Amino acid sequence: MTSLPATAPRPATGMEGPPSEQVRVDGRWADLERLRNGHPMMDAVIDEVDGRRIRVGDHWLSDFASCNYLGFDLHPQIIEAVAPALAKWGTHPSWSRLLGNPRPYVEIEERLTELLGAPDTLVLPTISLIHTSVIPLLVGRGAVLVDAQAHKTIYDGAAIARGAGATLHRVRPNDPDHLVQLLRHFPAGVMKLVCLDGVNSMTGNTPDLNQFAQICRDNGALLYVDDAHGFGLIGEAPGTGAPWGRRGNGTVRFYDESYQNLIMVAGFSKAYSSLAAFLALPTALKNYLKVAAPPYLYSGPSPMASLATVIAGLDVNDAEGDEIRSSLQDKTKRVLGQISRLGLRTLNTSGLPVIELPLGHADDIDAVGRFLFERGIYVTLAPYPLVPRAQVGFRIQVTAANDDEQVEHLNQVLAELAERFEMQRAVGPV
Ligand SMILES: Cc1ncc(COP(=O)(O)O)c(C=O)c1O
């Protein structure tokens, strides 16, 4: 191992100057640090779970901050799949995937490819690792165009791509006309990668994927869709009559879109309650990523327990997934119905279980969060700078494991909240 000569400049750590114990968090992170440091719903330690109830200290709360949409984290068949897998394979393979792939990877990729109706699939540990490694490889020194509301981890990938010579362009949120305008500006031959969310993690809505895919094809661009929240929730729809479609095979299938000129990225860490992620992609690209994408070559892989719960999750999805989604849909409807009756504004127009409620005054975030906590409701706070000041609020996620009593309790507390705090109001008749 080589050590730095004494005269070498210190690597930029962002911590030059004061020793670490004196680091002050200020600037745009100060609001968030204040909440983190003193708010019961931030950086909390969860002492115990009981179904979808959690205990923080001596306080039991209904958990509406979980992204375990299908309740697979608590499903007995999925939990029981872990011990036999560990007995057979040990806890963790430890080889990077290029060095050695325990057979469950093969089964997961084959089953996923069939479920998605994709040309091929590649499993890597997380979506964040996929974005930061694959976006730069796909775009090279071309142009990466990112929807302004796309997930932060897409921006991280795009920023790395920019560091390697790409140009980075922000597309107005969900604005196809702006995308066309930007795409026309590039000379032929420039690689163009357009990145957006499938189901958006804050609004809970989807873009019109057919329109975006067509624009990309017409303008020689590759579309890259992060479907972290769509996979498991929505799926193939034509002719099913089911509002969320069937099989939970993602936003691309929901729109009956093809994978031509389209890469879909999603993961198991939301609806499937497991730690692994994947790309749906052509086989030639998969083989390229096997030698070029660092997470395939170097990263520690997903633990065996995660691979086991993915496989069991695919089984449960086959057997009961549509029934579970239907029950989740009913619960979500009841929450959205109450929000509508109370005249509150939500960004959610899709009916999916990702429901952000913006506050009337961003500065109320602390008090609103404490009120919800005291009333036994746990949600995801969305403070500045995680969202723009005008969208500061909280996000409710409904999961199949929230029972009817919890949904009633949430609706009651929302009514009390609307009496006590100024919330943004829905425009138009309610
Ligand atoms: C839209 C979206 N993309 C990516 C991620 C990160 O996923 P992972 O934990 O697999 O890195 C999240 C997680 O919150 C997300 O919501």
Side-chain angles (χ1 to χ4, degrees), residues 32 42-43 63-70 72-73 97 108 112 121-136 144 146-160 171 173-174 193-207 209 212 223-234 248 250-252 254 263-280 293-296 299-303 305-307 309-310 313 347-348 350 352-356 379-383 386-387 391 394-399:
L32 185 55
M42 275 271 161
D43 207 13
D63 176 13
F64 287 97
S66 167
C67 286
N68 291 304
Y69 297 117
L70 300 177
F72 282 6
D73 54 321
R97 284 209 61 191
I108 292 171
L112 258 181
T121 50
L122 176 66
V123 172
L124 290 170
T126 66
I127 300 178
S128 306
L129 278 172
I130 291 176
H131 290 338
T132 50
S133 61
V134 175
I135 291 175
V144 55
V146 184
D147 182 279
Q149 281 185 343
H151 197 259
K152 167 78 168 68
T153 51
I154 291 189
Y155 273 95
D156 292 343
I160 292 173
V171 187
N174 200 15
L193 184 73
V194 174
C195 305
L196 39 80
D197 283 7
V199 171
N200 184 275
S201 62
M202 287 312 293
T203 67
N205 301 329
T206 60
L209 205 66
F212 281 96
L223 182 58
Y224 182 96
V225 181
D226 176 340
D227 206 23
H229 293 267
F231 176 69
L233 272 189
I234 58 174
T251 302
V252 176
F254 180 75
I263 308 289
M264 173 177 140
V265 177
F268 294 99
S269 72
K270 310 260 185 259
Y272 275 67
S273 314
S274 203
L275 189 76
F278 62 87
L279 298 112
Y296 197 87
S299 293
S302 299
S306 289
L307 301 184
T309 51
V310 166
L347 306 178
N348 180 311
S350 64
L352 292 168
V354 181
I355 306 170
E356 137 94 332
V379 294
T380 306
L381 294 186
L386 303 186
V387 296
Q391 280 173 27
F394 61 92
R395 187 179 69 175
I396 297 164
Q397 282 112 234
V398 189
T399 73

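One-based numbering along the sequence shown. This one's a predicted model, so the numbers in the text were calculated from it and none came from an experiment. Just follow the structure's listing: the first ligand is 1, and inside any ligand the first atom is 1. Reckoned from all heavy atoms, side chains included, excluding hydrogens, waters and symmetry mates.
- Just one residue in the list L233, N348, T399 forms a side-chain contact (heavy atoms from CB on, under 4.5 Å) with P353, and that residue is L233.
- Atom-to-atom distance recorded for I160:CD1 and T132:OG1 is 5.0 Å, nearest 0.5 angstrom.
- Looking at S128 and T153, their side chains never bring a donor and an acceptor atom within 3.5 Å of each other.
- The 4.0 Å heavy-atom shell around ligand 1 contains residues T126, I127, S128, H151, T153, S201, D226, A228, H229, S269, K270, ordered by chain and number.
- Within the 3.5 Å criterion, the main-chain N or O of L347 finds a donor-acceptor partner in the side chain of N205.
- For the residue pair D227 / T251, a side-chain donor-acceptor distance below 3.5 Å is found, with atom types taken as modelled.
- In summary, the aromatic rings of F72 and F268 are positioned with their centroids too far apart to meet the 6.0 Å limit.
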